[in-house]
Amino acid sequence: LSIYLSAFIIVVLCVFPFYWAIVSSLKTGSDLFKVDFFPLNPAWQNYITVFTEQPFGLNILNSTLIATGTVSVCLFLAVGAAYALGRLNFHGRKRILFLILSISMFPQVAVLSGMFELVRSLNLYNTIYGLMVSYLTFTLPFTTWILTTFMRQIPREIEEAAIIDGASPWTICVKILLPLMWPALVTTGLLSFIAAWNEFLFSLMFLDNPNSFTLSRAIQYLSGDAETPRQYLMAGSVVVTLPVLFIFVYFEKYLVSGLTAGSVKG
């Protein structure tokens, strides 16, 4: 009984904030501070206002392009790096892995000024490409580290058999190792997508045009200068959360297998 009670409490604590955000997004300004768990007259107009007050639809497209582009480039580069670090023996491999892990430990604010100068010098300020470059500095080391760990768990006998059959390293990586790495690719890709989708600090520093805002930056822009229309903020938050929620639910089985892959040998 205690296990079920604990599980119920955990579920309530995790789900209730999102549920309350949905309820608050369906209230008017005067009803926000009323304890009402089921609004009788839901204010669907709040969602319409979010899309009419500013180009929220364009902001959704920007976030989608940035997150998808970041994941695509990140996985493309990380797979090659993971193959070299996980399957090839060369001098300095352990130092490179340690350097990659060390880079992922830096907080965003520690590299903010340097990243700002880099983006500005490349003429990428106020563009989605500038954000993609900045996001890759954090997602690429993490992805490379995870894929390298997974790559090491694949039996070498598979690779040796392919070499005997005359397969090139490119063929081995693309046609043999990549299908086996599908759970790890989905896991790292999903985590990178969520990180890019929800990121705020870089988008705040590198974007000042509402047409180029990401969703997190657009929600902050909704707050205005004097008064914060919380019902609009909640509506925007729900819009931001739902796509990631659907993606997570769809890929959940791959995510679990990718996180546990390589944990047991035998």
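Side-chain atoms are counted along with the backbone in the values below, which use heavy atoms only and exclude waters and symmetry mates.
Residues Thr70 and Leu136 have side chains in contact (heavy-atom distance under 4.5 Å, counting atoms from C-beta outward). Counting heavy atoms from C-beta on, the side chains of Ile96 and Phe90 come closer than 4.5 Å. Inter-residue side-chain proximity for Met181 and Ile154 is flagged as met; some heavy-atom pair is nearer than 4.5 Å. Side-chain atoms of Tyr129 and Leu122, non-hydrogen and from C-beta on, never get closer than 4.5 Å to each other. For the pair Val239/Val50, no side-chain contact is recorded, criterion being any heavy-atom separation below 4.5 Å from C-beta on. Side-chain contact between Thr148 and Ile100 is absent, with no heavy-atom pair separated by less than 4.5 Å.
The hydrophobic cluster containing Met105 also contains Ile146, counting ILVMFWY residues as joined when their side-chain heavy atoms lie under 4.5 angstrom apart, directly or transitively. At a threshold of 4.5 Å between side-chain heavy atoms, the hydrophobic network of Ile, Leu, Val, Met, Phe, Trp and Tyr places Ile10 and Leu5 in two separate groups. If you chain together hydrophobic residues whose side chains sit under 4.5 Å apart, Leu61 and Met132 fall into the same group. In terms of hydrophobic clustering, with Ile, Leu, Val, Met, Phe, Trp and Tyr side chains grouped at heavy-atom distances under 4.5 Å, Phe246 and Val71 are assigned to a common cluster. In terms of hydrophobic clustering, with Ile, Leu, Val, Met, Phe, Trp and Tyr side chains grouped at heavy-atom distances under 4.5 Å, Phe98 and Leu147 are assigned to different clusters.
Pro17 and Val12 get closest at one heavy-atom pair: CD-O, 4.2 Å. Across all their heavy atoms, Ala81 and Thr144 have their closest contact at CB-CG2, 3.8 Å. When all heavy atoms of Leu85 and Arg93 are compared, the pair lying nearest together is O-CD, 2.9 Å. A pairwise comparison of heavy atoms in Leu215 and Ile60 identifies CD2-CG1, 3.4 Å as the closest pair. Among all heavy-atom pairs drawn from Val79 and Met151, the shortest one is O-CE, 4.2 Å. When all heavy atoms of Ile22 and Ser25 are compared, the pair lying nearest together is O-OG, 2.6 Å.
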Q.
Test side-chain contact (heavy atoms from CB on, under 4.5 Å) on Ile219 and Leu233; report intermediate values, then the result.
A. CA-CA 6 Å; Ile219 291 177; Leu233 293 179; 4.0 Å; yes
Q: Could you please spell out the steps behind the side-chain contact (heavy atoms from CB on, under 4.5 Å) verdict for Leu185 and Phe150?
A: CA-CA 10 Å; Leu185 293 174; Phe150 188 88; over 6 Å; no
(Q) Run the side-chain contact (heavy atoms from CB on, under 4.5 Å) test on Val238 and Leu242 for me, step by step, so that the C-alpha distance in whole Å, both residues' side-chain angles and the decisive distance to 0.1 Å come before the verdict. (A) CA-CA 6 Å; Val238 172; Leu242 285 179; 3.9 Å; yes
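Applying the 6.0 Å contact sphere to CZ of Phe106 captures no more than 12 heavy atoms from other residues, nucleotides or ligands. The 12-atom threshold is not exceeded at CH2 of Trp44, counting heavy atoms of other residues, nucleotides or ligands nearer than 6.0 Å.
With hydrogens and angles disregarded, a donor-acceptor distance shorter than 3.5 Å links the side chain of Ser134 to the backbone of Leu131. With hydrogens and angles disregarded, no donor-acceptor distance shorter than 3.5 Å links the side chain of Thr68 to the backbone of Leu65. With hydrogens and angles disregarded, no donor-acceptor distance shorter than 3.5 Å links the side chain of Asp208 to the backbone of Asn126. Counting only distance, with no hydrogens or angles, the side chain of Arg156 and the backbone of Arg87 share a donor-acceptor pair below 3.5 Å. Side-chain N or O atoms of Ser121 include one that pairs as donor or acceptor with a backbone N or O of Leu118 at under 3.5 Å.
Atom-to-atom distance recorded for Thr52:OG1 and Tyr47:OH is 14.5 Å, nearest 0.5 angstrom. In this structure, CD1 on Ile9 lies 12.0 Å from SG on Cys14, to the nearest 0.5 angstrom. How far CZ of Arg217 is from CZ of Phe206: 12.5 Å, rounded to the nearest 0.5 Å. In this structure, the separation between CD on Glu157 and CD on Glu160 is 5.5 Å, given to the nearest 0.5 Å.
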Only distances under 3.5 Å count here; give the side-chain donor-acceptor pairs of residues 189-205 to other protein atoms, sequence neighbours excluded, each with its distance to 0.1 Å.
| from | atom 1 | to | atom 2 | distance (Å) |
| --- | --- | --- | --- | --- |
| Ser192 | OG | Thr143 | OG1 | 3.3 |
| Ser192 | OG | Thr188 | O | 2.8 |
| Trp197 | NE1 | Val240 | O | 2.9 |
| Asn198 | ND2 | Ile194 | O | 3.4 |
| Glu199 | OE1 | Tyr135 | OH | 2.8 |
| Glu199 | OE1 | Phe202 | N | 3.4 |
| Glu199 | OE1 | Ser203 | N | 3.3 |
| Glu199 | OE2 | Gln108 | NE2 | 3.3 |
| Glu199 | OE2 | Leu201 | N | 2.8 |
| Glu199 | OE2 | Phe202 | N | 2.6 |
| Ser203 | OG | Phe200 | O | 2.7 |

Pairs of donor and acceptor atoms involving the side chains of residues 166-180, under 3.5 Å and at least two apart or interchain, shall be tabulated with distances.
| from | atom 1 | to | atom 2 | distance (Å) |
| --- | --- | --- | --- | --- |
| Ser168 | OG | Thr171 | N | 3.3 |
| Ser168 | OG | Thr171 | OG1 | 3.0 |

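Sorted by first and then second residue, the pairs that involve residues 50-81 and meet ring-ring contact (aromatic ring centres under 6.0 Å, His included), not counting sequence neighbours, are Phe51-Phe56.
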